[in-house]
Amino acid sequence: MNWKTLASEEQLSEVNAVSAHQPVAIFKHSTRCSISSMAKARLERAAVPEGLTFYYLDLISHRPVSNKIAELYQVPHESPQILVIRNGACIYNESHSGILMDEIVAQAGL
């Protein structure tokens with residue numbers, strides 16, 4: 001897994017720009033939560049498809065960014081949480097044990 005770190009609200013413009021050309025996944029991770037660590041490890045063990053960029057948000061360190069994601073994409077905050085962004089809109093989100101690479105890939109249309 002080649003995570004791109006998401007650490008500022010300004011980077012969400014980058015996410016939206018990239019999502020105009022290919023789907024983007026944002027993984028919101030709590031470094032204090034064992035379920036979040038399990039979901040992250042599951043993603044890291046899975047084969048990552050070409051054409052899907054993964055952003056990693058440490059929401060303990062960057063909670064304002066998580067709040068902005070909830071506002072911008074109109075998705076209630078959860079942790080852990082995966083969002084798939086296409087053309088600047090959230091087309092899929094899931095949390096906890098529902099975070100599965102196969103489902104992310106399917107929802108991203110890859």
Side-chain angles (χ1 to χ4, degrees):
M1 176 69 68
N2 187 21
W3 297 107
K4 292 189 87 167
T5 303
L6 182 55
S8 73
E9 292 180 31
E10 293 75 26
Q11 284 179 280
L12 295 174
S13 294
E14 173 188 325
V15 168
N16 287 338
V18 172
S19 79
H21 306 287
Q22 70 178 48
V24 173
I26 298 173
F27 178 65
K28 294 167 54 177
H29 174 61
S30 170
T31 55
R32 297 179 188 157
C33 173
S34 62
I35 294 171
S36 193
S37 294
M38 177 190 69
K40 181 176 180 278
R42 191 176 333 138
L43 288 176
E44 291 176 334
R45 285 192 305 269
V48 179
E50 286 190 37
L52 183 59
T53 302
F54 278 83
Y55 284 81
Y56 168 87
L57 173 64
D58 173 348
L59 52 90
I60 300 299
S61 297
H62 305 288
R63 183 58 195 246
V65 179
S66 179
N67 293 341
K68 185 66 175 181
I69 288 169
E71 174 190 326
L72 182 64
Y73 299 114
Q74 300 177 350
V75 176
H77 165 77
E78 293 194 61
S79 170
Q81 185 175 38
I82 192 85
L83 292 85
V84 176
I85 310 301
R86 184 182 291 279
N87 295 319
C90 181
I91 61 168
Y92 173 75
N93 78 87
E94 186 58 75
S95 66
H96 297 82
S97 60
I99 298 173
L100 304 168
M101 185 66 80
D102 290 344
E103 188 64 22
I104 295 165
V105 170
Q107 295 296 325
L110 300 174

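In this structure a side-chain-to-backbone donor-acceptor pair under 3.5 Å is missing from Ser66 to His62.
Residues Leu43 and Ile104 form a side-chain contact, since some pair of their non-hydrogen atoms from C-beta on lies under 4.5 Å apart. In this structure the side chain of Val84 never reaches within 4.5 angstrom of the side chain of Cys90, judged on heavy atoms.
To the nearest 0.5 Å, atoms CE (Met1) and CD (Glu44) are separated by 6.5 Å. Summarising the geometry, atom CG belonging to Asn16 is positioned 13.5 Å from atom CZ belonging to Arg86; distances are rounded to the nearest 0.5 Å. Atoms CG and NZ, on Leu6 and Lys68 in that order, are 13.0 Å from each other to the nearest 0.5 Å. Rounding to the nearest 0.5 angstrom, the gap separating the OG atom in Ser30 from the CD1 atom in Ile60 is 3.5 Å.
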Verdict with reasoning, Ile85 to Ile26, per side chain to side chain contact (heavy atoms under 4.5 Å, CB included): CA-CA 8 Å; Ile85 310 301; Ile26 298 173; 4.1 Å; yes
What do the steps show when you test Val75 against Ile69 for side chain to side chain contact (heavy atoms under 4.5 Å, CB included), and what is the final call? CA-CA 8 Å; Val75 176; Ile69 288 169; over 6 Å; no
Please lay out, stage by stage, how Gln74 and Glu71 fare under the test side chain to side chain contact (heavy atoms under 4.5 Å, CB included). CA-CA 5 Å; Gln74 300 177 350; Glu71 174 190 326; over 6 Å; no
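Within the structure, ring pair (Phe, Tyr, Trp, His ring centres under 6.0 Å) contacts touching residues 12-43 (residues at least two apart or in different chains) are Trp3-Phe27, Phe27-His29, His29-Tyr56.
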Listing, residues 48-55 side-chain donor-acceptor contacts under 3.5 Å, not counting sequence neighbours, or none:
residue: Thr53; atom: OG1; partner: Gln22; partner atom: NE2; Å: 2.5
residue: Tyr55; atom: OH; partner: Glu14; partner atom: OE2; Å: 2.6

Check residues 91-103 and write down every donor-acceptor pair under 3.5 Å in which the side-chain atom is one partner and the other belongs to a residue at least two apart or another chain.
residue: Ser95; atom: OG; partner: Glu78; partner atom: OE1; Å: 2.8
residue: His96; atom: NE2; partner: Ser79; partner atom: O; Å: 3.1
residue: Glu103; atom: OE2; partner: Gln107; partner atom: NE2; Å: 2.8

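More than 12 heavy atoms of other shown residues, nucleotides or ligands fall within 6.0 angstrom of atom CG in Leu110.
Ile82 is not connected to Val24 by any chain of hydrophobic side-chain contacts under 4.5 Å among Ile, Leu, Val, Met, Phe, Trp and Tyr, and they are in different clusters.
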